[in-house]
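One structure is given below, encoded as C-alpha cells.
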Amino acid sequence: MARILITSALPYINGIKHLGNLVGSQLPADLFARYMRGRGNEVLFLCATDEHGTPAELAAAKAGKPVAEYCAELHEVQADIARRFGLSFDHFGRSSSPQNHRLTQHFAGVLAENGLIREVSEKQVYSRADGRFLPDRYIEGTCPNCGYDKARGDQCENCTKQLDPTDLIDPRSAISGSTDLEVRETKHLYLRQSALRDDLDKWIDTKTDWPILTTSIARKWLHDGDGLQDRGITRDLDWGIPVRKGDQDWPGMEGKVFYVWFDAPIEYIACAAEWAEATGNDWERWWRTDKGAGDVRYVQFMGKDNVPFHTLSFPTTLLGSGEPWKMVDHLKSFNYLNYDGGQFSTSQGRGVFMDQALDILPADYWRWWLLSHAPESSDSEFTWENFQQSVNKDLADVLGNFVSRITKFCRSKFGETVPDGGAYGAQEETLLSELTRRIRAYEGHMDAMEVRKSAQELRAIWVAGNEYLQSAAPWSTIKEDPDRAAMQVRLGLNLIRLYAVLSAPFIPAASAAMLGAMNTQDTGWPDDVADALSTLPAGHAFTVPDVLFAKITDEQREDWENRFSGVRS
RNA sequence: GGGCCUGUAGCUCAAUUGGUUAGAGCAGAGCGCUCAUAACGCUUUGGUUGGGGGUUCGAGUCCCUCCGGGCCUACCA
C-alpha cells in the first residue's frame, strides 16, 4: 500500500470560485484522491483557503466587516460548497491558522539563518486617503504611451506597455480614486531565490514526466534575462502573518506581514498539522523525510498561473531551510477553461460559479463534464450545448439507462433478487477479456493523471455493458433458456456494482446510489474482473433505483444560457 | 517588445514522441433490436492536419516563414 500526499492549489478567499477555478485544481485533485483511496492506498488530501493579501482586505472592507470575520465566513461558505461538490478533502484548512503562523515564521527564521533573506529598502506609492501602500496594479492613471485613462501601475491594458506607477500621468488610487498619493520609503525582506538557481534548475531537469506546461514555465523563470530573481516576501498590510524570525521579533520589520505567496504554500504543511490536531494523527510522517515521509508520493494540482510559485518559490523555501521536508514528486498543471467564447470572469460575473452550478444540477453532472473536458493540453471551452449533449449521452443514455434496463428487466422477470442458474459462455468470456483490458488501461491513465483519457476509457467500459446486453439479449434467451437469461441478468447486475466502483472518482454520488440500489457496500477494486463480477450472489436482494441522471432539456439549456451570459446578480 | 503553448472531421479531442491507409466520441445518414430514461447495438458519410516553403527513404510530428487563438512577463492572487 502506497502513501499518497495530494494538495490542490488553495482557492483565494474573496468569493465563490467559478468552474474554471474548480477544474484546474480541486476537482482533478479530488479525482486522483478518490481513485488512490479506491485502489487501497493511504491518502492524505489537503486543501485550504488562501486568506491573506490586499484583495481580501478590500473585499472585507466592501462587505463592511472586519477582515478576520469576513475570512471566517467565506471559509465556511467555500467549505460548504466544496462538500456539496463532493470534494473529499481530509482537511480543508485556513492559511490564517495558528499552525501556519508558526510554520511560516519558522521558515523565515531558518532561511534568514542560512543567509537566504536580505533586506531591501524600496520606494512605494502610499495613499493617505486609503491609509495603505498600493500595489502597482491598484494605481490608475493616464498611460504616457497611448493616453488611455485607465492604465494601471503595472501595465496599460490598452497598449500593453509595461509601466511603473510613477510613469502614470495623474495617478490615483484604484480603491478610492484619491489622488492624495506619495512615494514612501519602506523596507522589505527578499527571498534570495537566485542563490538556489542552479539547484532548482537541476531539480527541474529531473522531472522528465511533468507536463510540458509545468517545466516550460519553470525554465522560463530560471533562464529568462538575468535568470531567477529574488522575490519580496513581506508587505505593508494589517492582515497577514506578522514578520517574525521564528519566535523572535524581527527588528525593523514591526507592523509588516509576510507576502501571501510566501505563506500560502507553507499552508500545505500547516494544513496537515491542522488535520493532525483535529484528528489526533501525526502530520510529520507525511511531510518530514526524517520522520517517515520518505515513502510518501507527493502530487500537487494547480492552474498554470500557480506554477512559478510551486516550482521555484516554495521549493526555495523548502530547500533553503536545510531541513528534510518532503518535496513535490509530481506537479500536474492545467490550462484555463473558457466560457462560451470568452473567459470566466469573477469581476464581471461571467460564467457559472460553483454555488450556481449546484443550484441547477447535482454535482456529478458538473464533475463528469468538467473532468472529461479538463484543459490538459490547451485551454478548453464550456458551451451549454456541448454540456447538454455530453451529459445526456454519457450519463443518462449510456450509464443511467444501462442501470435502468437491467434492473427493470430483472424485476419483471425474476423479481428484485439476483437470479440463480446458468454458466458463462463465449459472450461472457469476450466481455471479461474486454473489461480486463479496458480496466487496466483505465488504471494506467488514472495513475498517470491523464484525466480526459481516463474519462474516455471509463465511458467505453460503460458502453461495453450495453454491447453485451445487446448481443446476449436476455429478453430473447428467457423464452428458450431461462437459466441462461438468469446468468446474463446476474452478470448485468454485477456490472452495476463494478461500474459504481470504477466510476466513484468521477461521479461519487451516482456511484453511491448504484451501490445502494445493489444493496452492497463492497467497493473492492476489480483486480480480477471475473471475481469482481461474482460479488453479488444469486439470491441477493436489490432495488430498482430512481433515474440516476435526468436529461437536460432544451428549455433548461436555453434558460441557463440566458441566465449566465450576463452579470451575476 | 520578449518567452512559451496552441491550430487536426460540423463540434470536443487522439495519434505509442519521425514510421503502413491520421483515429475516437458527439452531431448527420442507413439498418437492427424492443429489456430500458424515444433509450441501446451495428454499419456508414465527413480531413490538402491554418497557408506556403524546406530537411528526410518517410513529416500532423523537425526547421523557416506568414496567418489565427491563448498564457506568462516577477508588487493581483
Side-chain angles (χ1 to χ4, degrees), chain A residues 9-14 50 52-56 58 122 124-125 133-139 152-155 160-162 164-165 174 188 193 211-213 215-217 219-221 223-225 228-232 235-236 259-261 264 303-309 312-313 335-336 338 343 346 369 372-373 375-381 383 385-386 389-390 392-413 452-453 455-456 459-460 463 465-476 478 485 488-489 492 544 546-551:
Chain A
L10 307 186
Y12 197 66
I13 193 70
N14 68 340
D50 176 16
H52 299 131
T54 307
L58 296 179
E122 56 193 11
Q124 277 199 333
V125 174
F133 282 94
L134 296 178
D136 289 358
R137 69 173 51 199
Y138 283 97
I139 302 158
R152 294 186 318 203
D154 57 340
Q155 186 173 38
T160 73
K161 187 179 170 60
Q162 287 186 53
D164 274 326
H188 282 295
Q193 301 184 134
I212 293 171
L213 184 64
T215 50
S216 66
I217 291 173
R219 289 210 172 87
K220 153 78 172 160
W221 282 58
H223 301 296
D224 191 42
L228 185 62
Q229 300 298 298
D230 297 341
R231 191 164 192 122
R235 294 288 184 273
D236 289 295
Y259 173 43
V260 53
W261 263 119
K304 56 186 166 183
D305 51 333
N306 276 242
V307 168
F309 303 99
L312 305 168
S313 307
N335 287 281
Y336 290 144
N338 290 321
Q343 292 192 345
T346 303
W369 190 89
S372 61
H373 293 78
E376 287 178 300
S377 54
S378 64
D379 291 355
S380 67
E381 171 143 325
T383 64
E385 196 182 350
N386 186 306
Q389 283 180 356
S390 297
N392 285 355
K393 189 72 191 173
D394 299 349
L395 297 181
D397 294 345
V398 175
L399 177 62
N401 181 54
F402 174 79
V403 172
S404 187
R405 66 193 295 203
I406 189 69
T407 52
K408 285 181 179 172
F409 181 77
C410 185
R411 181 173 62 186
S412 74
K413 304 298 179 190
R452 279 178 186 246
K453 287 181 182 172
Q456 263 180 33
R459 185 189 190 281
V463 167
N466 282 314
E467 287 171 350
Y468 170 72
L469 285 187
Q470 185 66 31
S471 66
W475 50 89
S476 299
I478 194 156
Q488 292 167 337
V489 168
V544 175
D546 294 335
V547 166
L548 278 181
F549 296 99
K551 292 202 198 193

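Chain naming here is simple, since letters A, B, ... match the order of the sequence lines and numbering starts at 1 in each.
Residue A/Asn401 places a side-chain atom within donor-acceptor reach of the base of B/A36, judged by atom type and a 3.5 Å distance cut-off alone. Scanning atom types as modelled, one donor and one acceptor separated by under 3.5 angstrom connect the side chain of A/Trp261 and the base of B/A77.
Using atom C1' as the reference point in both B/U49 and B/C13, the two lie 14 Å apart (nearest Å). Comparing the P positions of B/U43 and B/A59 gives an interatomic distance of 32 Å, to the nearest angstrom. For the P atoms, the distance linking B/A39 with B/U44 amounts to 23 Å, nearest Å. Here, B/A15 and B/A9 have their C1' atoms 14 Å apart, quoted to the whole Å. Distance check on atom P: B/C63 versus B/G18 gives 10 Å, rounded to whole Å. B/U8 and B/G23 have their C1' atoms separated by 11 Å, given to the nearest Å. Comparing the P positions of B/G47 and B/C40 gives a spacing of 27 Å, expressed to the nearest Å. Nucleotides B/G7 and B/A14, compared at atom C1', are 15 Å apart to the nearest Å.
Considering only side-chain N and O atoms, A/Tyr336 lies nowhere under 4.0 angstrom from the phosphate OP1 or OP2 of B/C5. An OP1 or OP2 oxygen of B/A36 is reached within less than 4.0 angstrom by no side-chain nitrogen or oxygen of A/Lys551. For A/Arg411, no side-chain nitrogen or oxygen approaches OP1 or OP2 of B/C35 to under 4.0 Å. Residue A/Lys220 has no polar side-chain atom (N or O) positioned under 4.0 Å from OP1 or OP2 of B/C5. When the side-chain nitrogen and oxygen atoms of A/Arg405 are compared with OP1 and OP2 of B/A39, none of them lie within a distance under 4.0 Å. Taking only side-chain nitrogens and oxygens, A/Tyr259 never comes nearer than 4.0 Å to OP1 or OP2 of B/C76. For B/A39, the OP1/OP2 oxygens have no side-chain nitrogen or oxygen of A/Lys393 closer than 4.0 Å.
You'll find the side chain of A/Trp221 stays beyond 4.5 Å of the side chain of A/Val307, heavy atoms only.
Going from atom CZ of A/Arg219 over to atom C1' of B/U73 covers 19 Å, rounded to whole Å. For A/Asn14 and B/C76, the CG to P distance is 14 Å, given to the nearest whole Å. The distance from atom CZ of A/Arg452 to atom P of B/A15 is 11 Å, rounded to the nearest whole Å. Summarising the geometry, the separation between NZ on A/Lys304 and P on B/C76 is reported as 19 Å, rounded to the nearest angstrom. One interatomic measurement links the two molecules: CD of A/Gln229 to P of B/U73, which rounds to 14 Å at whole-angstrom precision. One atom, CZ of A/Phe402, and another, C1' of B/A39, lie 13 Å apart when rounded to the nearest Å. One atom, CD of A/Glu467, and another, P of B/G25, lie 10 Å apart when rounded to the nearest Å. Whole-Å rounding puts the A/Asn335 CG to B/U12 C1' distance at 15 Å.
Here the NE2-OH distance, from A/His188 to A/Tyr259, works out to 12.0 Å after rounding to the nearest 0.5 Å. Separation of atoms CG (A/Asn392) and CG (A/Asn401) is listed at 12.0 Å; rounding is to 0.5 Å. Atoms OG and CD1, from A/Ser412 and A/Ile478 in turn, are 7.5 Å apart once rounded to the nearest 0.5 Å. Between the CD1 atom of A/Ile139 and the CZ atom of A/Phe133 there is a distance of 11.0 Å, given to the nearest 0.5 Å. For the atom pair A/Ser313 OG and A/Leu228 CG, the distance stands at 7.5 Å (nearest 0.5 Å). Put simply, CG on A/Asn338 and OG1 on A/Thr383 are 11.5 Å apart, with the number rounded to the nearest 0.5 Å.
Under the 90° criterion around 0 for the glycosidic angle, B/U73 counts as anti. With its glycosidic angle more than 90° from 0, B/G41 adopts the anti conformation.
Put simply, the side chain of A/Ser404 never gets that close to the backbone of A/Gly400: no donor and acceptor are under 3.5 Å apart. Within the 3.5 Å criterion, the main-chain N or O of A/Gln193 finds a donor-acceptor partner in the side chain of A/Asp230. Between the side chain of A/Tyr12 and the backbone N or O of A/His52, at least one donor-acceptor pair lies under 3.5 Å.
In RNA chain B, runs of at least 3 stacked Watson-Crick or G-U pairs (N1-N3 plus N6-O4 or O6-N4, or N1-O2 plus O6-N3, all under 3.5 Å) give these stems: B:1-7 with B:67-73, B:10-13 with B:23-26, B:28-32 with B:40-44, B:50-54 with B:62-66.
Two residues, A/Asn386 and A/Trp475, neighbour RNA chain B, and the one matched to the more 5' nucleotide by heavy-atom proximity is A/Asn386. For the pair A/Val547 and A/Asp230, nearest-nucleotide mapping onto RNA chain B gives the more 5' position to A/Val547.
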Under-3.5 Å N/O pairs linking protein and nucleotides 60-62 of chain B:
none

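Between A/Asp397 and the choices A/Lys551, A/Arg405, A/Arg459, the salt bridge (charged side-chain N to carboxylate O under 4.0 Å, His left out) rule is met once, by A/Lys551.
Taking every side-chain heavy atom of A/Phe409 into account, B/C35 is the closest of B/A74, B/C35, B/A77. Here the nucleotide nearest the side chain of A/Arg459, chosen from B/C33, B/G25, B/A77, is B/G25.
Residue contacts for A/Asp50: at a heavy-atom cut-off of 4.0 Å it reaches the sugar-phosphate backbone alone, with no base atom in range. Within 4.0 Å of A/Ser380, counting heavy atoms only, lie sugar-phosphate atoms of the nucleic acid but no base atom. Among the heavy atoms of the strands, none lies under 4.0 Å from A/Gly232. Using a 4.0 Å heavy-atom cutoff across all strands shown, A/Val403 reaches no nucleic acid atom at all. Within the nucleic acid shown, A/Pro474 has no heavy atom closer than 4.0 Å to any nucleic acid atom. Within the 4.0 angstrom heavy-atom criterion, only backbone atoms of the sugar-phosphate kind lie near A/Lys453; the bases stay farther away. Within the nucleic acid shown, A/Gln488 has no heavy atom closer than 4.0 Å to any nucleic acid atom. If you check every strand for non-hydrogen atoms under 4.0 Å, A/Ile478 touches nothing.
Side-chain contact, A/Asp394 with A/Ser390: no donor N or O sits under 3.5 Å from an acceptor N or O.
Nearest heavy-atom pair across A/Gln470 and A/Trp475 is CA-CH2, 4.2 Å.
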